[in-house]
Amino acid sequence: MTDNPWPVRDSQREFAYTRADFDRLRQLSRDHSGIQVPDDKFDMFYSRLAKRLRALGLSTFRSYVDYLSAHPDLEFTEFINSVTTNLTAFFRENHHFEFLAKQVLPQICKQSVGRKTLSAWSAGCSTGEEAYSLAMTLHEHLPGDWRFQVLATDLDTQVLRTAAAGVYPLEAVARLGERRLKQWFQKGVGRQDRRVRVKAELRESIEFRQLNLMRDWPELSGFDLIFCRNVLIYFDRSTKEALAKRYWQALRPGGYLFIGHSESLHQLDTGFEALGQTVYRKPER
């Protein structure tokens, strides 16, 4: 008997899969995306990636690791799409949107003499609910003579396609309230009876774009707001600090960074001022 949880070969599995395969895959994940993969994702990696082996006609995970290493430009996006989890909802962690509406936007409007535009970024936007929630809040609470644009980015191309389409099951918007449903969504008919689509006015205020936060960014700067929630939890301390510093550079002086409720910049060298409830501000000077 052995209590080793990492069998060299499990005869019940369709494909040969070892601890060494898993270790190489999670190292590739870290090297290319910065995402840290804990030990307890061993079985999840198998179940999620088995379909890629079938699609590529491979018989072992070792051969898949070799293929991924040799063809990162072709396969890495498929790899990350398969193993990442995208959990989101409209107005998730709603205190951030309330703080934005009641505190942040009035402050920006007050201080932005001669400027009537606002730029926001939803980094790690997943299937789009956060970006649309952000755009709804800006539409509803900015003065009528202001204009805004939201950039929404994610590494996963599959979730970006969902986000850009703006089509969701009716249950996803059930808690938004009748006013927002009528203002921002169209109800489907026929085969789309249990679905809704974000109206064009809201969709057109958002640009969805693929972006790997661990790679070189295009020219991204001048943001008033950055939402990067439940993303930092996947990274180690040094990567979190480096990413926070890049957000610092991308924000205007006085800009705001929102991170997830289980995340913190505490003890990281970033320069941000903590405002409470995982909201941070880049000082004016």
*Y132 and F208: ring-ring contact (aromatic ring centres under 6.0 Å, His included), yes or no, with the steps?*
CA-CA 11 Å; Y132 288 120; F208 290 100; 5.7 Å; yes
*Which residue pairs pass the salt bridge (Lys or Arg N to Asp or Glu O under 4.0 Å) test when at least one of the two sits in residues 271-282, sequence neighbours left out?*
R281-E284
*In terms of side-chain geometry, is the basic nitrogen of D216 or R246 positioned less than 4.0 Å from the acidic oxygen of its partner?*
no
*Heavy-atom check, side chain of E201 versus side chain of W184, under 4.5 Å*: yes
_Can you classify the ring geometry of F90 versus Y168 as parallel (below 30°), tilted (30 to 60°) or perpendicular (above 60°)?_
perpendicular
*asked:* Salt bridge check, R161 against D156: does any charged N sit closer than 4.0 Å to a carboxylate O?
replied: no
*Report the residue from F42, F45, F61, Y46 that forms a side-chain contact (heavy atoms from CB on, under 4.5 Å) with D21.*
F61
*Using 4.0 Å as the upper bound for N to carboxylate O, is an ion pair formed by K199 and E204?*
no
_Is any side-chain heavy atom of L243 closer than 4.5 Å to one of M214?_
yes
*Flag side-chain contact, heavy atom, 4.5 Å: Q277 against F258*: no
*Does a side-chain N-to-carboxylate-O contact under 4.0 Å join R30 and D236?*
yes
_Are F223 and Y247 packed together at the side-chain level, in the sense that at least one heavy-atom pair is separated by less than 4.5 angstrom?_
no
_Intermediate values then yes/no, side-chain hydrogen bond (donor to acceptor under 3.5 Å, both in side chains), Y256 and Q107_ = CA-CA 11 Å; Y256 295 81; Q107 187 72 11; 5.4 Å; no
*In one Ile/Leu/Val/Met/Phe/Trp/Tyr side-chain cluster, 4.5 Å: F235, L211*: yes
_salt_bridge(R92, E130) N-O dist < 4.0 Å_ = no
*Give a yes or no on whether R195 atom CZ has more than 12 heavy-atom contacts from other residues, nucleotides or ligands under 6.0 Å away.*
yes
*asked:* Please determine whether residues V167 and F185 belong to a single hydrophobic cluster, defined as Ile, Leu, Val, Met, Phe, Trp and Tyr linked transitively by side-chain heavy-atom distances below 4.5 Å.
replied: no
*Would D23 and Q27 satisfy side-chain hydrogen bond (donor to acceptor under 3.5 Å, both in side chains), going step by step from the backbone distance to the final call?*
CA-CA 6 Å; D23 285 343; Q27 186 61 51; over 6 Å; no
*pair T117-W146: side-chain heavy atoms closer than 4.5 Å*: no
_As a test of understanding, state which of F97, W121, F99 forms a ring pair (Phe, Tyr, Trp, His ring centres under 6.0 Å) with F227._
F97
*So, Q149 side chain and A120 main chain: donor-acceptor pair closer than 3.5 Å or not?*
no
*Does a sphere of radius 6.0 Å around CZ in R194 hold more than 12 heavy atoms from other residues, nucleotides or ligands, not counting ones at 6.0 Å or beyond?*
no
*Salt bridge between K240 and E263, side-chain N to carboxylate O under 4.0 Å?*
no
*With the threshold set at 4.0 Å, does a side-chain nitrogen-carboxylate oxygen contact exist between D224 and R115?*
yes
*asked:* Test of understanding: clusters of I, L, V, M, F, W, Y form through side-chain heavy atoms closer than 4.5 Å, transitively. Do Y280 and L251 belong to the same one?
replied: yes
*So, the side chain of E241 versus the backbone of D269: is there a donor-acceptor pair under 3.5 Å, distance only?*
yes
*Hydrophobic cluster identity match, F76 and V65, side-chain contacts under 4.5 Å*: yes
*With a 4.5 Å heavy-atom cut-off, do L155 and L213 have their side chains touching?*
no
*Take R209 and L151 through the test side chain to side chain contact (heavy atoms under 4.5 Å, CB included) and record every step on the way to the result.*
CA-CA 7 Å; R209 186 193 307 175; L151 172 66; 3.9 Å; yes
*Atom OG in S205, atom CZ in R203: separation rounded to 0.5 Å?*
10.5 Å
*Considering only heavy atoms from C-beta outward, does the side chain of C109 approach that of L142 to under 4.5 Å?*
yes
*Does the ring center of F91 lie less than 6.0 Å from the ring center of H96?*
no
